[in-house]
J.: 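My structure is below; once you've seen it, I'll send some questions.
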Amino acid sequence: MIKVLPIQSDAPTKKSSSPGRLIVLTGPSGVGKGTLMQELLKRHPELYYSVSVTTRSPRPGEINGENYYFISRTKFEQLLAQGEFLEWAEFAGNYYGTPREAVLNQVHSGKLVVLEIELQGARQIRSEFPKALSIFILPPSMNELESRIRGRAQDSEEAIARRLCRAEEEIQAAEEFDVQIVNDDLENALNAIEAVLFG
Ligand SMILES: Nc1nc2c(ncn2[C@@H]2O[C@H](COP(=O)(O)OP(=O)(O)O)[C@@H](O)[C@H]2O)c(=O)[nH]1
Ligand SMILES: Nc1ncnc2c1ncn2[C@@H]1O[C@H](COP(=O)(O)OP(=O)(O)O)[C@@H](O)[C@H]1O
């Protein structure tokens with residue numbers, strides 16, 4: 001079951017009048033969100049990437065504090081009860097959440113802040129922050145999506161099945177978002193995202 005916390009709505013900031021903004025990058029697991037994000041950050045170091053908190057185990061090569069903050073379920077539930085998440089969801093058996101304070105501070109200081117999150121969290125951000133720009137990344141086909149998830153070779157069969165099942169559902173929601181971009185050729189997809197972010 002997916003659960004999402006209520007969060008604060010767009011509020012004028014006293015700290016800065018510069019146009020900070022929330023950018024939501026969403027789309028099914030394996031579509032290439034992480035890859036696109038890495039490239040975007042290389043090209044635009046001025047973007048602020050929100051590092052999420054998760055109860056999922058680290059994959060080989062993942063670094064705590066860089067890819068995610070990896071914590072226990074008990075700790076996650078404690079932070080949740082303290083209202084520390086801007087949004088959160090349960091996805092494929094694990095909790096994921098966006099740290100509230102860090103993100104709002106960055107937006108208020110005028111940064112473009114990118115959240116790379118799944119559908120339920122993206123919906124919540126959209127409804128609470130109407131000025132957020134939301135981008136839905138689509139795969140060229142379901143076959144290609146499956147081969148990307150398998151090609152990554154970092155998930156169990158069970159985790160792959162859960163991601164594919166969820167992907168079907170997520171793709172149906174693509175039209176809810178401001179912009180849809182197909183990640184077929186990586187360079188083309190990057191150019192399309194840049195056009196949306198920077199005009
Ligand atoms: N709602 C929400 N989703 C998140 C957050 N962080 C990551 N996700 C999403 O959770 C899903 C699973 O992420 P992950 O376990 O890293 O698997 P992957 O997307 O297949 O690499 C992906 O769709 C992520 O975009 C978060 O803070 N909040
Ligand atoms: N445009 C693309 N063409 C081919 N493979 C891609 C493309 N974008 C990403 N991939 C590959 O697909 C796999 C899943 O990408 P990843 O960024 O981990 O997806 P997500 O973060 O959405 O789960 C990775 O092995 C990545 O190298």
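Treat the numbers as computed from the prediction; the structure is a model and nothing was measured. For ligands, and for the atoms within them, numbers begin at 1 and follow the listed sequence.
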J.: When only distance counts, is W88 in polar contact with ligand 1, meaning an N/O pair under 3.5 Å?
T.: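 N/O-N/O distance under 3.5 Å: no.
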J.: Would you mind checking which non-hydrogen protein atom is closest to atom 16 (O) of ligand 1, with the distance to 0.1 Å?
T.: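 Here the nearest protein heavy atom works out to Y68 OH, 2.6 Å.
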J.: Using a plain distance cutoff, I'd like to know if K33 has any nitrogen or oxygen under 3.5 Å from a nitrogen or oxygen of ligand 2.
T.: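 Yes, since at least one N or O of K33 sits under 3.5 Å from an N or O of ligand 2.
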J.: For the 3.5 Å polar cut-off, considering only N or O atoms, please tell me whether G97 and ligand 1 meet it.
T.: yes
J.: Answer with side chain, backbone, both or neither: which part of I137 has a heavy atom less than 4.0 angstrom from an atom of ligand 2?
T.: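 Neither; no heavy atom under 4.0 Å.
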J.: With only distance considered, is G151 within less than 3.5 Å of ligand 2 through an N or O on each side?
T.: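 No; the residue has no nitrogen or oxygen that sits under 3.5 Å from a nitrogen or oxygen of the ligand.
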J.: Regarding atom 17 (O) of ligand 1: of the candidates E116, R148, R123, R163, which has the closest heavy atom?
T.: R163
J.: Return yes or no for this condition: an N or O of E116 is under 3.5 Å from an N or O of ligand 2.
T.: no
J.: Hey, does R152 sit under 4.0 Å from ligand 1 if you only count heavy atoms?
T.: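 For ligand 1, residue contact (heavy atoms, under 4.0 Å) with R152 is present.
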J.: I'd like to know whether ligand 1 has R59 as a neighbour, heavy-atom separation below 4.0 Å.
T.: yes
J.: For R148, is at least one N or O under 3.5 Å away from an N or O on ligand 2?
T.: yes
J.: Could you check whether any heavy atom of Q120 sits closer than 4.0 Å to an atom of ligand 1, since that is the contact criterion I want to use?
T.: no
J.: From the options K33, E87, M37, select the one whose nearest heavy atom is closest to atom 2 (C) of ligand 1.
T.: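 Shortest heavy-atom distance from atom 2 (C) of ligand 1: E87.
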